[in-house]
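Right, one structure below, let's go through it.
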There are 2 protein chains.
Amino acid sequence: MKFDNDRIKIDGIDKKIIRYLMQDARKPILEIARKIGISGAAIHQRLRKLETSGLMSGSKFVINPKVLGYTTMAYIGIFLDKAMSNPKAVKELEKIPEVLECHYTTGNWSILIKVLCKDNEHLMHVLNKEIQQIQGVSRTETFISLNQQIDRQIQI
Amino acid sequence: MKFDNDRIKIDGIDKKIIRYLMQDARKPILEIARKIGISGAAIHQRLRKLETSGLMSGSKFVINPKVLGYTTMAYIGIFLDKAMSNPKAVKELEKIPEVLECHYTTGNWSILIKVLCKDNEHLMHVLNKEIQQIQGVSRTETFISLNQQIDRQIQI
DNA sequence: GTTGAAACACGGAACCC
DNA sequence: GGGTTCCGTGTTTCAAC
């Protein structure tokens, strides 16, 4: 990736704006303007600057998977055969909707993924019928998240 | 957590609305209305229903940590002494801003965390000077993410 | 940085099917 | 229950200062 600037100047006002929008992306800009004490147009200009700089890469509506019945989160370390081309495995993992994250990692495994399933049975299915079926996957290690205590973005 | 309904009915229109807002929380509702082909007020009503149901738990502005120089992501498995009360360790982890996620997990470790650092030196500091200093932490295993290939929410 | 103004979006009320 | 239109209020997004 390439950005306009690898060194972006962010002053205290920028930080305040970002902090407000990081916790609620739909917060009206005018409301933030009133709280900070500058005009809405000024915030608008700063936001445009932050967007073109690449720092703000968009906004997401966060949904609560528990309401949909997704209560079982797990991390799975995947061992791949040496012969297997890793990108091919990632392409297959991408097709599995339960896979939320996928990392190439140092250490024991080739790949570490995060999956979200409805229950243990669902997880079992994803493991045996989806992940283990991918060509090149030799072995997996599963760590079920019993309870997620922290979930946040980097602080500004 | 308790919700109005554990079984929420979500029809095709709801799904479309959610999908639009999941990729851009600031997308104007009227714009979505035009694309779907119903009135803005109808979308507004559906959104209120989805919000009270607990499914939409808010919106977040996503920032790109790379622009701030945070390029090293890692997962760290933490072994805790049996004597240690885990919640106390989590409280200490919460104070470390580089810690983005924290899970109690099944398997080898007591806790699995995700950290985001500027570089390996920074990660080293967090490991040795922050995490290892927490009372009850006996040993850690670190897996550096060389490349994150997938990062998404659950599909609707 | 500000103001001002036009265009637009939001969110309620009243209503229809 | 859903959907619609109408409308006052508030917000976004310009340009000009």
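Everything quoted here is computed from the prediction, not taken from an experiment.
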To the nearest angstrom, the CG-P distance between B:Leu47 and D:dG2 comes to 13 Å
* To do: Taking A:Glu51 for its side chain and A:Ser57 for its backbone only, find out whether a donor-acceptor pair lies under 3.5 Å.
  => no
Taken to the nearest whole Å, CD1/A:Ile38 to P/D:dT12 is 14 Å
Between A:Pro28 and B:Lys49, the residue closer to the 5' end of DNA chain D by nearest nucleotide is B:Lys49
To the nearest angstrom, the CD1-P distance between B:Ile29 and D:dT12 comes to 12 Å
> Could B:Lys49 and B:Asp14 be called an ion pair, given the rule that one side-chain N must be under 4.0 Å from one carboxylate O?
Replying inline: yes
Rounded to whole Å, the CD1-P distance (A:Ile32 to D:dT12) equals 8 Å
B:Arg46 CZ to D:dT4 P, in whole Å, measures 9 Å
Among C:dG12, D:dT13, C:dT3, the one nearest any side-chain atom of A:His44 is D:dT13
Whether the side chain of A:Gln45 and the base of D:dT13 hold a donor-acceptor pair under 3.5 Å is what I'd like checked.
no
Query raised in the report: OP1, OP2 of D:dT4 versus side-chain N and O of B:Ser39: anything below 4.0 Å?
Result: yes
Could you go through A:His103 and B:Tyr75, starting from their C-alpha distance and side-chain angles, then the distance that decides it, and tell me whether this counts as side-chain hydrogen bond (donor to acceptor under 3.5 Å, both in side chains)? CA-CA 10 Å; A:His103 305 259; B:Tyr75 284 92; 3.3 Å; yes
Regarding the side chain of A:Arg26, the nearest nucleotide among C:dG12, C:dC10, D:dT12 is C:dC10
note: B:Arg34, atom CZ; C:dA7, atom P; distance rounded to Å ~ 15 Å
Separation of C:dA9 atom P from B:Lys35 atom NZ, nearest Å, is 12 Å
To the nearest angstrom, the CD1-P distance between A:Ile17 and D:dT12 comes to 12 Å
Exercise for the section: Check every strand shown and say whether B:Ile43 touches a base, only sugar-phosphate, or nothing at a heavy-atom separation below 4.0 Å. Expected result: nothing
Q.
Mind checking if A:Leu30 touches a base, just sugar-phosphate, or nothing, with heavy atoms under 4.0 Å?
A. base
Distance col, row A:Ile32:CD1 vs A:Ile13:CD1, nearest 0.5 angstrom, shows 13.0 Å
Per atom distances to the B:Ala42 side chain, the nearest of C:dC10, D:dG3, D:dT13 is D:dG3
